[in-house]
There are 2 protein chains.
Amino acid sequence: MTKSLLIGELSTRTRVNIETIRFYEKQNILPVPARSAAGRRIYDDADVKRLNFIHRCRGLGFSLKEIMSLLSLVDDGNYTCKQIHELTATHAADVKEKIQTLQQMELVLEEMIEHCSKGDVPECPIIDSLFSN
Amino acid sequence: MTKSLLIGELSTRTRVNIETIRFYEKQNILPVPARSAAGRRIYDDADVKRLNFIHRCRGLGFSLKEIMSLLSLVDDGNYTCKQIHELTATHAADVKEKIQTLQQMELVLEEMIEHCSKGDVPECPIIDSLFSN
DNA sequence: CTTGACCTTGTAGTTACTACAGGATACATA
DNA sequence: TATGTATCCTGTAGTAACTACAAGGTCAAG
């Protein structure tokens, strides 16, 4: 049988913020839960599992939209490995692109920093290069 | 003498969106410009220079807050190379951290993708791993 | 029976824009 | 002169994914 939890327990167990859990419900990523007589949200093991899934996906940089796509494939029950692979590969490509952009930034920043005297003087090659042209 | 420009020309010259230019003004990153008799914003070479600076900084991933710090140092006229260096180095460290986070994500994503059959079957190791525990 | 922990809703703030709506102005052409 | 169209104006709302309240209800323990 499945154990029932209040939102605080679900939060502790999944390490997802209470506010975030309510936010996910509003976004239709988490299903509307049962309520106690006093109106409190009641969750079960399936919710723990789903929220952990969402949390892991977020940790891998998937957007909520992408997570919804993954979840609706799973919810419909008729997903194929190929479909999941495609979504994941697309996301992985996005991540790679972001890394490249950031590495380009890093390169320029490091170069600017290198040329810097770092002194208590009112001339700075960083400012000069950014203000040039 | 400095040439005066309307917002559209400033936009073309700096490749910064018109809406973005007005946004920067509202954020006090760009100074309030002069106005024509009909109320149109009038810019000059100093604005071109400043907006180019902002644009480059954005391209290097500086936040508007960071850019404001840089600009106010410059505006006050009493900045030192050391101060600029510090702001830049801090930002560079942020960028490095972001890169590392993304590389971790990439690693996990690639591993998941590798284990994938990519087939038209209803079992997927990606889903399995994300739903496990 | 009160205290404190926990829950509820709803709204506003964050970042850096972007996208309108609805209206005024400027200039060239018919 | 009329008209078209390009440009400008203000102000508001939407985007992503939360986070942070405010103001109030509920529950268990001492």
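These numbers come from a predicted model, not from an experiment.
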Task: Spatial distance of atom CD1 (A/I21) from atom CG (A/L10) [nearest 0.5 Å] - done: 4.0 Å
Open item on the list: Using a 4.0 Å heavy-atom cut-off, does B/F62 contact any base of the nucleic acid, only the sugar-phosphate backbone, or nothing at all?
Closed with: nothing
- [ ] Report yes if at least one side-chain N or O of A/R35 is closer than 4.0 Å to OP1 or OP2 of D/dT26; otherwise report no.
- [x] no
- [ ] Can you see which heavy atom on B/C81 is nearest to which on A/K118, and at what distance?
- [x] SG-N, 3.5 Å
Task: Rounded distance (Å) that lies between atom P of C/dC20 and atom CD1 of B/I18 - done: 15 Å
- [ ] May I have the distance from A/L10 (atom CG) to C/dT8 (atom P), rounded to whole angstrom?
- [x] 11 Å
Task: Phosphate OP1/OP2 of C/dT18 contacted by B/T20 side-chain N/O (<4.0 Å) - done: yes
Open item on the list: Tell me whether the side-chain N/O atoms of B/R22 come closer than 4.0 Å to OP1 or OP2 in D/dT10.
Closed with: no
- [ ] Just call it for B/R58: base, sugar-phosphate, or nothing, with non-hydrogen atoms closer than 4.0 Å on any strand.
- [x] sugar-phosphate
Task: Length of the line joining B/I42:CD1 and C/dT25:P, which is rounded to integer Å - done: 15 Å
- [ ] Can you tell me the distance, in whole Å, between the CG atom of A/L64 and the C1' atom of D/dT15?
- [x] 13 Å
Open item on the list: For the OG atom of A/S4 and the CD atom of A/E9, what is their distance to the nearest 0.5 Å?
Closed with: 7.5 Å
- [ ] Look at the side-chain N and O atoms of B/N17 and state whether any lies under 4.0 Å from the OP1 or OP2 oxygen of C/dT18.
- [x] yes
- [ ] Take the protein atom CD of B/Q27 and the nucleotide atom P of C/dT14, then report the distance between them rounded to whole Å.
- [x] 10 Å
TODO: Quick one: label A/S63 by what it contacts on the DNA or RNA (base, sugar-phosphate, nothing), any heavy atom closer than 4.0 Å.
DONE: sugar-phosphate
Open item on the list: Expressed as a whole number of angstroms, how long is the span from B/L6:CG to C/dC27:P?
Closed with: 9 Å
Task: side-chain N/O B/R41 vs D/dC9 OP1/OP2, d < 4.0 Å - done: yes
Open item on the list: Can you give me the closest heavy-atom contact between A/Y43 and A/L6, atom names plus distance?
Closed with: CD1-C, 4.3 Å
Open item on the list: Of the listed nucleotides (D/dC18, C/dC6, D/dT12), which one gets closest to any side-chain atom of A/R40?
Closed with: C/dC6
TODO: Report the residue (A/E19 or A/A37) whose heavy-atom-nearest nucleotide on DNA chain D is the more 5′ of the two.
DONE: A/E19
Task: Presence of A/Y24 side-chain N/O under 4.0 Å of D/dC18 phosphate oxygens OP1/OP2 - done: yes
Task: Residue pair B/K96, A/E110: steps toward the side-chain contact (heavy atoms from CB on, under 4.5 Å) verdict - done: CA-CA 11 Å; B/K96 269 186 200 166; A/E110 289 301 339; 3.2 Å; yes
Task: Between P of D/dA16 and NZ of A/K26, the distance in whole Å - done: 16 Å
